[in-house]
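Basis for what follows: all heavy atoms, side chains included, without hydrogens, waters or symmetry-related copies. Order of the sequence lines fixes the chain letters, A, B, ..., with proteins taken first and strands second; residue numbering starts at 1 for each chain.
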Number of protein chains: 2
Amino acid sequence: MMNARRVTSQDVADAAGVSRTTVSLVLNKVQGAKIREETRQRVIAAARELGYVPDAAARALVSRRAQIIGLVLTRRPDQVTSDGFLTQLLDGLLGVIKQSGLRLLIEIVDPEHQKEAYLELIRAKHIDGVILSGPRYDDDALRTLEEEAFPVVLLGQLPDTNHYSVDINNRVASRIAVEHLLGLGHKEIACITNADLSYTAATERLIGYQEALEAAGLSLNDELVGYGDFSPESGYAAMMELLGRDVRFTAAFIASDEVALGAQAAIRECGLRVPDDIALVGFDDLPLSRYMDPPLTTISVPAVQLARQASTLLIKLLKGEKFYERHVVLKSPLHVRESCGAKLSN
Amino acid sequence: MMNARRVTSQDVADAAGVSRTTVSLVLNKVQGAKIREETRQRVIAAARELGYVPDAAARALVSRRAQIIGLVLTRRPDQVTSDGFLTQLLDGLLGVIKQSGLRLLIEIVDPEHQKEAYLELIRAKHIDGVILSGPRYDDDALRTLEEEAFPVVLLGQLPDTNHYSVDINNRVASRIAVEHLLGLGHKEIACITNADLSYTAATERLIGYQEALEAAGLSLNDELVGYGDFSPESGYAAMMELLGRDVRFTAAFIASDEVALGAQAAIRECGLRVPDDIALVGFDDLPLSRYMDPPLTTISVPAVQLARQASTLLIKLLKGEKFYERHVVLKSPLHVRESCGAKLSN
DNA sequence: ACGCGTTACTAACACGTGTTAGTAGTATAG
DNA sequence: CTATACTACTAACACGTGTTAGTAACGCGT
């Protein structure tokens, strides 16, 4: 039915009355090549006329560049459903990558069953470089990649490796969040993690919480810790469980705004008020957070910036520019709104 | 430093003491091929031993299949930042696509400057098929693709074309949403669109709103219509503007939950209450909507299902199975919560 | 007339795979 | 004993491009 046979560079060459080599030289604007201006125009005209677009596969095969960057997420698909952080990353990544004429391929890897599945993606040279968001301690593939010197940039960090990374300081940010609550007079502060502790960020944030309490001379209580799983549902469930336990707390640090959204609803449904009964501090500063009721006090993670820097860095690596700052750390200040009960000055 | 030279099928052939053809036949499990079991095992062992992974580009070149599906979004990157619908799509798409051994490439196209940029993606055979989310009336590239019989599945609909599509009935859903408000006694109902009217879904939803009013014998008032732009910010701004105008309304239909989130905050900041002063009905039923305060009454769009069906359909098209139902329409019932002020029976 | 350098190209190889056509070797039928 | 059929492979081409090495044509100095 269709099949108007592909237009190849040979067709362009024939139309312009030159060789295929010349077509390639002209269209790729090769520097050293001496081509008469008149010929050049003739080739360009012929290419436009025929609607010639170079074949990506052929080009990738010979140039050994797929012109594709992979975004690897070690999650189950359903953990992506309500991920407000991911969309911010996409904003940043797509903007930068597009500008460089590259494409973004998104690969999701089930952390339980096939942690290392993305290695095949790389071996097949489907992608030129990887941005990995949310590294996990148990990701052995990442260590393998380090040996192979494959271009990788982490959005997050993985101890014991020397991968390029762009991140915030999760531990310090959490400390600041919790210290803010301590400063408001709270002594019993619960915590709900953003994800399970295989994720380095989740562990770091929990440690930050613990450090803040210890520094204030308070003892840790496992009963005050709940576990989230990226989603509002998990926050709802975790908060419900905390409220059902035999512990009292007047504040909670929730290491993800998405999770905090559910937790806040749970508090509300139990007839309690934020911040009067329970003060809340979140983490991420998603676009939605300022529209919550009350607006959520949270750690402001510059997600779009992180993604921009990570992709910019990766693109430089692909161009062969080495020896950059290996670990970029962006600022993540506390954004005080109303959920923590602090008096806003202005 | 690195460069352990790629392992090719020739290397496997040498190691196994057979020809490259045999390697190909074995590893691709070609049906008609007669291969002795012992040889087969030898090849498989050699391949595993050497860590052989076929080169994606070479394979794509010869097989004319990139094994990649493109997800095209006609938006600016910053319009993706807080798109809770997109993450649901990714959930559905990634699940299905992964299972079929394909990959997902995500392409974002600025609707103002380069509407048709994704045509190049297709011409270059970078992708085998396209899922296009949120078609626009002014998308001429889509009409071109129809002539070329390139595999396309729309998440949404585009009049005057016969592309495969998976969608809900936006117009009817909106009518139902607005009729619900009418049934609660509201006579002055505002509307905020989910996006500008170039998007077919935005227009359809607005028409549904208008049809409901007209069917109830009410007159339309342009002053009661505001325009959103995917984001909570836009909903906040639009609602603020509506509240500042010289019109009264006791309810609002907001054609996107994401936008409704901002609108609800605006209402709150003006000292008004939902649903007592202004009843609210949204559209999408994002995961976050049930956690809003009050929980949002909204049209329940089965986003994950839409994505699953769209990708399943596209994959079938790629396999050459034609003649399927061209336009799949899924149900999108009203999900009554509290923001509309209806008494909940249960 | 000859060598030499420059200009404006082109022939031919390489990239790594899938696949078609073919070929020795052995079993089976007449 | 010969013709046929089948088994278990392999040689060689094709996919469409980037690039290296090379070549005619021409001007120029001696």
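- Within the 4.0 Å cut-off from OP1 or OP2 of C/dC9, at least one side-chain nitrogen or oxygen of A/Thr39 is found.
- One interatomic measurement links the two molecules: NZ of B/Lys34 to P of C/dT26, which rounds to 19 Å at whole-angstrom precision.
- The base of C/dA8 is not paired with the side chain of A/Thr22 by any donor and acceptor separated by under 3.5 Å.
- A donor N or O paired with an acceptor N or O is not found under 3.5 Å between the base of D/dT17 and the side-chain atoms of A/Ser63.
- Rounded to whole Å, atom C1' of D/dG18 lies 16 Å from atom NZ of A/Lys29.
- B/Ser24 comes within 4.0 angstrom of a base, heavy atoms only.
- Taking the side chain as every heavy atom from C-beta outward, A/Ile315 and A/Val96 approach each other to under 4.5 Å.
- When the C1' atom of C/dA14 is taken as reference, atom CD of B/Gln10 falls 14 Å away, rounded to whole Å.
- Atom CG of A/Leu25 and atom P of C/dA11 are 13 Å apart (whole Å).
- Nucleic acid contact for B/Val30: none, since no nucleic acid atom lies under 4.0 Å from a heavy atom of the residue.
- In this model, no side-chain donor or acceptor of B/Arg64 finds a partner on the base of D/dG16 within 3.5 Å.
- A donor and an acceptor atom, one from each side chain of B/Gln10 and B/Asp14, are located under 3.5 Å apart.
- B/Tyr199 and B/Asp139 are not linked by any side-chain donor-acceptor pair at a separation below 3.5 angstrom, with hydrogens and angles left out of the test.
- Side-chain contact of B/Thr81 with A/Asp91: a donor-acceptor pair under 3.5 Å is present, judged by distance alone.
- Remark: B/Ser19 is in phosphate contact with D/dT10, judged by side-chain N or O atoms under 4.0 Å from OP1 or OP2.
- Put simply, CG on B/Asp55 is 18 Å from P on D/dC15, counting in whole angstrom units.
- For C/dT17, one of the phosphate oxygens OP1 or OP2 lies less than 4.0 angstrom from a side-chain nitrogen or oxygen of B/Ser9.
- One interatomic measurement links the two molecules: CZ of B/Arg6 to P of C/dC15, which rounds to 12 Å at whole-angstrom precision.
- Look at CD1 on B/Ile35: it is 18 Å from P on D/dC6, rounded to the nearest Å.
- A/Thr22 and A/Ser19 are linked by a side-chain donor-acceptor pair at a separation below 3.5 angstrom, with hydrogens and angles left out of the test.
- Atom P of nucleotide C/dA14 and atom CZ of A/Arg59 are separated by 22 Å, given to the nearest angstrom.
- Judged by distance alone with a 3.5 Å cut-off, no donor-acceptor contact links the side chain of B/Arg36 to the base of D/dT7.
- Judged by atom type and distance alone, A/Arg20 reaches the base of D/dT17 through a side-chain donor-acceptor pair under 3.5 Å.
- Mapping A/Thr21 and A/Leu61 onto DNA chain D by nearest heavy atom places A/Leu61 at the nucleotide closer to the 5' end.
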